[in-house]
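Have a look at the structure below, then the notes.
Everything numeric in this text was worked out from a predicted model, so none of it was measured.
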2 protein chains.
Amino acid sequence: MTYDEFKKIVSISKKEISRQIWETNRSAIKVKKEEKVIGNLIRIFDAALEISNAKGFQAMSMRDLSAKSRLSMGAIYSYFSSKDELLHLLQMQGRQIANKILVDQISLVKGPAQKLRIAIQAHVYLSEIMQPWFYFTYIEARNLAKDERRKAIESELYTEKIFIDILTKGAKLGIFKISDIILTASLIKAMLQDWYLKRWKYQKRKINVDDYAEFIIGVIESYLSRKVKRSRACRT
Amino acid sequence: MTYDEFKKIVSISKKEISRQIWETNRSAIKVKKEEKVIGNLIRIFDAALEISNAKGFQAMSMRDLSAKSRLSMGAIYSYFSSKDELLHLLQMQGRQIANKILVDQISLVKGPAQKLRIAIQAHVYLSEIMQPWFYFTYIEARNLAKDERRKAIESELYTEKIFIDILTKGAKLGIFKISDIILTASLIKAMLQDWYLKRWKYQKRKINVDDYAEFIIGVIESYLSRKVKRSRACRT
DNA sequence: GTCTATACATAGATAGAC
DNA sequence: GTCTATCTATGTATAGAC
C-alpha cells in the first residue's frame, strides 16, 4: 500500500469516527442540526489542536479558542460543558482512529515478517496524516484526570502489545532471533513516536515518510536477523 | 565505569552548576547569605520539578509551589522575579549539566566503537539520576519564549551532533557499516529519550539502567555490523 | 529574610438578548 | 444557534509588618 492510498482510508475513518463521537455525546450537545454540529466540531477540534500544540492545552484559554475557531464563547459552550470535556473528546478521537486503522491493516497480511513491516509502515503513515492528534495525545496525557490517564496508559500498552504479539509469533516460528521481546517492542514504539514528536527535525532534513518507515524496518530487521553472540535472560 | 561511580560525578557537577547559576544571577536574587540561597534554591527547584512533572508547569500555581517548598509566596519571589524566570533557570540547569558530563565522559576513551558505547551508557546513567530534569526539559520546551526555545532546539541538535561525529568517524575508518548517519544518530537519541520519558513503564517491568543501556548498544552494534543488502542514498 | 494580606489581571463559565 | 455582557474563582505579583 502506498502513502496516497493510505490517506484515503484514514480520511474515511476520520469521518466515521467523528460521527460516532457525536452520536455518543448527542445528549450533551445542545445543537441539533447534523451538518452544523459536525462542521463546528471539526473547526473547534482543529483550532484546539493548533493552539494546544503550540503552547499547551492548559495555556490555551477559551478566548483563544473562540478567536481561532471563529465561534463565540457561548457557541463553543453549546458543544461542550467544560474545557475538560473538550480535552476528553480530543483524546478519545485520536485513540480510536489509531487503534482501529492499525488493527485493520495488520489483519490484511499473513506471517510475522509481513505483519511487522505493515504495522510499522501503517503507524508511520497514520501519525504523519494525523500528526497534530498524535502529538497532542502524547504530550497532554499527563494533564488528564486519573481515570482518563489510565485509559491513555492502556492505549500506549495496547499498541505495544500489537508488536509484542507479532514478535512472539516470529520468535516461536524461528523467523526472528530475539533475546528480549518486550524491550524490542518498546524500542519500535520509541522510534515510531519520534516521527511525530520531532516533526520539525525530519521536515527540515527532508526525510519523508517512506524514508523513515524503511529505515525503522531496516534497523529492526537487521537486529532480528543478527548473529547472536551470547545468550541473555529472556523476559516474559 | 559503573553506575555507582557515575552517581558521584553527577553529584559533584550538580553542586558546581547550582553555584554557577547563583553567581550568574546574583544581582537578581535579593537574599545574600550563600548557604541560605543554595539551600532554598534547591528546595524550590525540587518542588517545581515534582509539581510540574505531575501536572505541567503552566498548571502549577505559585501557591502550589509555595506549599510544596514550604516557603511563602513572598520568600519565593525574592529568588525570582517571575514564574517565567524560574522556568528559564530550570531549563538552563538541566541543559548545562547534561552537556558537560556527556562531553567529559566521551573524551575519556579513544576510538569510535568505544566512544559510542560510553556515550550511550553515560546518557542513560545521567538521565536516570536526573530524570526529573530531563523529563521537564523535554516536555516544557515549547512553553519557552522564542529565544529560549531556539536554545532548547540547539541543545537537542548538539547532543545528536555528538553521535553524528562518532558515527562519521567510525564510518570513515570502516568500523561501522552505515548507510544513513543522521537517521542513525536520530534513532539513538529517540531510544535514549524513551528511558526518561517512560520511566513508569520500565520501572514496572523491572528493567534497570544497565539492562537498558546494554540493549541499546546491542541494537545499534548489530545494525552497524550488519550484512548490507543494497546501497541506499547517503545523506549529509 | 520571611511572612501575611491584598492588589490586579485573567481564567472558565453562564444568562439572556437577538 | 450564536452573540454580548458579566459573574466568580483563581492566578501572578507585591507592599509592608515582623
Side-chain angles (χ1 to χ4, degrees), chain A residues 22 25-48 51-52 54-91 140 143-145 148, chain B residues 18 22 25-48 51-52 54-90 140 143-145 148:
Chain A
W22 173 55
N25 296 278
R26 187 171 265 173
S27 57
I29 296 173
K30 288 167 195 157
V31 183
K32 292 301 164 202
K33 212 183 266 173
E34 174 160 343
E35 54 181 307
K36 264 276 173 220
V37 174
I38 301 276
N40 281 347
L41 275 181
I42 288 171
R43 271 166 69 187
I44 295 171
F45 282 156
D46 286 348
I51 302 168
S52 293
K55 62 178 186 180
F57 185 79
Q58 276 276 353
M60 174 190 79
S61 72
M62 294 306 270
R63 285 175 179 85
D64 291 340
L65 184 59
S66 164
K68 177 78 82 179
S69 66
R70 282 170 305 156
L71 283 166
S72 69
M73 297 273 290
I76 288 174
Y77 274 98
S78 61
Y79 293 95
F80 311 106
S81 68
S82 70
K83 197 183 168 188
D84 269 356
E85 198 181 312
L86 170 59
L87 175 59
H88 166 65
L89 286 182
L90 279 168
Q91 290 274 356
E140 302 294 347
N143 294 333
L144 297 168
E148 289 288 319
Chain B
S18 286
W22 174 54
N25 296 278
R26 186 171 265 174
S27 57
I29 296 173
K30 289 166 197 158
V31 182
K32 293 300 165 204
K33 212 184 267 174
E34 174 159 343
E35 54 180 308
K36 264 275 173 219
V37 173
I38 301 275
N40 281 347
L41 275 181
I42 289 173
R43 270 164 71 186
I44 295 171
F45 282 155
D46 285 348
I51 302 169
S52 293
K55 62 178 186 180
F57 184 79
Q58 276 277 351
M60 174 190 80
S61 72
M62 295 305 271
R63 282 183 181 89
D64 290 341
L65 184 58
S66 164
K68 178 79 82 180
S69 65
R70 283 169 303 154
L71 283 166
S72 69
M73 297 275 291
I76 288 174
Y77 274 97
S78 61
Y79 293 93
F80 311 106
S81 68
S82 71
K83 198 183 166 187
D84 269 357
E85 198 182 312
L86 171 59
L87 175 60
H88 166 65
L89 286 182
L90 279 168
E140 302 295 346
N143 293 334
L144 297 167
E148 289 288 318

Inset, instruction - Provide the full list of salt bridge (Lys or Arg N to Asp or Glu O under 4.0 Å) pairs with a residue in residues 63-81 of chain A, sequence neighbours left out, each pair given once. - result: A/Glu50-A/Lys68, A/Lys55-A/Asp64
Heavy atoms only: give me the nearest [X]-[Y] pair and the separation to one decimal.
X: B/Leu65; Y: B/Ala48; answer: CD1-N, 3.6 Å
X: B/Glu85; Y: B/Phe80; answer: OE2-CA, 4.3 Å
X: B/Lys83; Y: B/Gln58; answer: NZ-O, 3.2 Å
X: A/Ser66; Y: A/Met73; answer: OG-N, 3.6 Å

Inset, instruction - Among the candidates D/dT4, D/dA13, C/dT2, find the nucleotide nearest to the side-chain atoms of B/Ala75. - result: C/dT2
Inset, instruction - Measure from the side-chain heavy atoms of B/Met73 and tell me the nearest of D/dT2, D/dT14, C/dA13. - result: D/dT14
Round to a whole Å and report the spacing from [atom1] of [X] to [atom2] of [N].
X: A/Glu85; N: C/dG12; atom1: CD; atom2: P; value: 15 Å
X: A/Phe57; N: C/dA11; atom1: CZ; atom2: C1'; value: 13 Å
X: A/Lys55; N: C/dT10; atom1: NZ; atom2: P; value: 12 Å
X: B/Leu71; N: C/dT2; atom1: CG; atom2: C1'; value: 8 Å
X: B/Ile44; N: C/dG1; atom1: CD1; atom2: P; value: 14 Å
X: B/Ile38; N: C/dG1; atom1: CD1; atom2: P; value: 13 Å

Inset, instruction - May I ask you to decide if A/Phe57's main-chain N or O and A/Glu140's side chain share a donor-acceptor pair within less than 3.5 Å? - result: yes
Inset, instruction - Enter the distance from B/Ile38:CD1 to B/Arg43:CZ here, rounded to the nearest 0.5 Å. - result: 14.0 Å
Legend entry - Most 5' of B/Ser82 and A/Lys33 on DNA chain D, judged by nearest nucleotide: A/Lys33
Inset, instruction - Using a heavy-atom cut-off of under 4.0 Å over every strand shown, decide if B/Phe80 touches base, sugar-phosphate, or nothing. - result: nothing
Inset, instruction - Ignoring backbone atoms, establish whether A/Tyr77 has a side-chain N or O less than 4.0 Å from OP1 or OP2 of C/dT14. - result: no
Legend entry - Presence of A/Tyr79 side-chain N/O under 4.0 Å of D/dT2 phosphate oxygens OP1/OP2: yes
Using atom names, set out every protein N or O paired with an N or O of nucleotides 7-11 of chain D below 3.5 Å, distance rounded to 0.1 Å.
{"from": "D/dG11", "atom 1": "N7", "to": "B/Arg63", "atom 2": "NH1", "distance (Å)": "3.3"}

